[in-house]
Amino acid sequence: MENHTYNEHVLLLEGLNVTHQSSYPAFIILLVIYIFTMVANISLAVVICMERSLHQPMYILLCNMSFNDALSITTFIPRVLSDIFKASAARYITYVECAIQAFCGHMFATTGHTILMIMAFDRYMAICNPLRYATIMNNKMLVKLCVFAWGVAFLFVAVLIGLSVRLSRCRSNIFNPFCDNASLFKLSCESVFINDIYGLFFTALIFIASIVSVSLTYIRITMVCVRSKSKSLNSKALNTCFTHLAVYLIMLMTGFIIVFLHRYPQWSNHRKVASIIFPLVAPCLNPIIYGLQSKEIYKVVKNMFQSKIMSLRL
């Protein structure tokens with residue numbers, strides 16, 4: 001055993017290991033990124049909810065993405081910030097808090113993939129079947145797709161964390177900046193073979209399903225654009241698909257790097273830094289990419305600012 005005397009309900013969290021001199025710059029940088037990301041994503045969601053012209057499937061799904069991103073970074077950044085000035089031996093977290101943090105982290109990461117898969121389907125219908133788009137992507141279908149995106153993530157992650165919570169514990173140290181599934185099952189001295197198999201299946205399923213669905217969607221869209229020689233159609237496809245593809249590739253690459261680093265214990269320090277920085281990349285860039293690329297959102301925001309300035313002058 002790692003420690004014969006410990007409180008099984010309280011764990012010691014490693015947190016972000018930085019020197020005393022680096023703690024203040026690290027705190028300020030993370031805080032600024034967190035505030036910017038929260039303000040950008042919440043503002044984008046509010047704009048979409050308030051503006052009736054944006055009550056379209058693509059923007060409703062984008063609103064779901066912004067809401068998910070805001071929840072995702074709130075899962076771990078406030079905890080990392082609160083622990084950054086504490087001594088390493090004083091960074092305690094209860095087992096229940098740790099399990100909840102792990103569940104939320106994995107669920108929101110998974111939901112990000114499922115939402116992007118549905119957004120790819122939406123773009124496919126809009127470009128490849130424009131005449132049937134309004135009939136198929138109605139409000140009822142949109143609700144079903146949103147429930148599917150959140151529901152699938154909830155069920156898969158519930159099983160993932162459930163398999164770890166069922167294990168008995170013989171350790172109390174979390175060697176990670178925050179809690180995740182691997183941190184939970186590493187607290188046990190029992191066999192974690194089932195956890196490894198399900199974790200591998202879960203990760204492979206999410207990545208393969210998203211890669212295959214998005215790839216097939218864009219292959220089909222490309223074929224339609226090549227056949228049609230319509231400049232307006234090609235322009236629409238390029239404008240709407242570029243933003244989705246850019247966001248998807250950012251999320252995919254950051255996820256791949258973290259999974260890859262998990263397989264090499266000798267790179268644990270690199271993994272710990274990546275586990276904090278990479279989950280911030282997509283939520284921070286998503287509202288910027290969509291806000292700048294989407295003409296409709298840009299126009300709505302511009303009109304809001306202009307009307308606000310005019311009212312202040314009056």
So, [X] and [Y]: side-chain donor and acceptor under 3.5 Å apart, yes or no?
| X | Y | result |
| --- | --- | --- |
| Asn64 | Trp150 | yes |
| Tyr95 | Ser172 | no |
| Ser168 | Glu190 | yes |
| Asp180 | Ser183 | yes |
| Thr111 | Thr114 | no |

What's the shortest heavy-atom distance between [X] and [Y], and which atoms?
| X | Y | value |
| --- | --- | --- |
| Pro287 | Leu44 | CA-CD2, 3.9 Å |
| Ile118 | Ala149 | CD1-CB, 3.6 Å |
| Pro177 | Ile276 | CB-CD1, 3.5 Å |

Applying side chain to side chain donor-acceptor pair (under 3.5 Å), run through Thr74 and Tyr34 and close with a yes or a no. CA-CA 8 Å; Thr74 303; Tyr34 176 68; 3.3 Å; yes

Are the side chains of Phe201 and Phe156 in contact, using a 4.5 Å heavy-atom criterion? yes

Under 4.5 Å between any side-chain heavy atoms of Met223 and Ile219, yes or no? yes

Determine yes or no for a side-chain-to-main-chain donor-acceptor pair under 3.5 angstrom, with [X] supplying the side chain and [Y] the backbone.
| X | Y | result |
| --- | --- | --- |
| Ser215 | Ile211 | yes |
| Arg220 | Thr217 | no |
| His9 | Thr94 | no |
| Arg169 | Leu187 | no |
| Asn41 | Met38 | no |
| Ser213 | Ser210 | yes |
| Ser72 | Asp69 | no |
| Asn176 | Phe178 | yes |
| Ser43 | Ala40 | no |
| Thr203 | Leu200 | no |

Any chance you could lay out the ring-ring contact (aromatic ring centres under 6.0 Å, His included) test for Phe207 and His113, step after step, and finish with the verdict? CA-CA 8 Å; Phe207 276 115; His113 279 278; 5.5 Å; yes

Could you walk me through whether Cys189 and Arg171 pass the side chain to side chain contact (heavy atoms under 4.5 Å, CB included) test, one step at a time? CA-CA 8 Å; Cys189 293; Arg171 303 183 181 96; 4.0 Å; yes

Could you go through Cys98 and Cys179, starting from their C-alpha distance and side-chain angles, then the distance that decides it, and tell me whether this counts as disulfide (SG to SG under 2.5 Å)? CA-CA 5 Å; Cys98 188; Cys179 295; 2.0 Å; yes

Quick check: is [Y] connected to [X] through a chain of hydrophobic side chains (ILVMFWY, heavy atoms under 4.5 Å apart)?
| X | Y | answer |
| --- | --- | --- |
| Ile161 | Ile100 | no |
| Ile35 | Ile29 | yes |
| Val143 | Ile48 | no |

Straight-line distance of [X] [atom1] to [Y] [atom2], nearest 0.5 Å:
| X | Y | atom1 | atom2 | result |
| --- | --- | --- | --- | --- |
| Cys146 | Ile115 | SG | CD1 | 7.5 Å |
| Ile93 | Glu14 | CD1 | CD | 13.5 Å |
| Leu280 | Phe76 | CG | CZ | 4.5 Å |
| Leu145 | Met137 | CG | CE | 5.0 Å |
| Lys86 | Leu16 | NZ | CG | 14.0 Å |
| Ser188 | Lys186 | OG | NZ | 13.0 Å |

Report the C-alpha separation of Thr110 and Phe202 in whole Å, then their side-chain angles, then the decisive distance to 0.1 Å, and conclude whether the side chain to side chain contact (heavy atoms under 4.5 Å, CB included) test is met. CA-CA 10 Å; Thr110 305; Phe202 169 73; 3.2 Å; yes

Within the supplied structure, the quantity of interest is the number of heavy atoms (other residues, nucleotides, ligands) at a distance under 6.0 Å from Ile194 CD1; does it exceed 12? no

Is the OH atom of Tyr198 crowded by more than 12 outside heavy atoms at less than 6.0 Å? yes

Kindly determine whether Tyr92 and Leu12 satisfy side chain to side chain contact (heavy atoms under 4.5 Å, CB included), including the steps that lead there. CA-CA 5 Å; Tyr92 293 107; Leu12 185 62; 3.9 Å; yes

Which residue, Asn286, Leu285, Leu245, forms the side-chain contact (heavy atoms from CB on, under 4.5 Å) with Ile250? Leu285

Quick check, are the ring centers of Phe154 and Phe103 under 6.0 angstrom apart? yes

Evaluate the ring-ring contact (aromatic ring centres under 6.0 Å, His included) criterion for residues Tyr24 and Phe85: first the C-alpha distance (whole Å), next the side-chain angles of each, then the deciding distance (0.1 Å), finally the verdict. CA-CA 8 Å; Tyr24 290 97; Phe85 294 118; 4.9 Å; yes

Given the rule in the side chain to side chain contact (heavy atoms under 4.5 Å, CB included) test, do Lys144 and Lys140 qualify, once you have shown the distances and angles that lead to the verdict? CA-CA 6 Å; Lys144 287 181 179 179; Lys140 188 176 180 180; 4.0 Å; yes

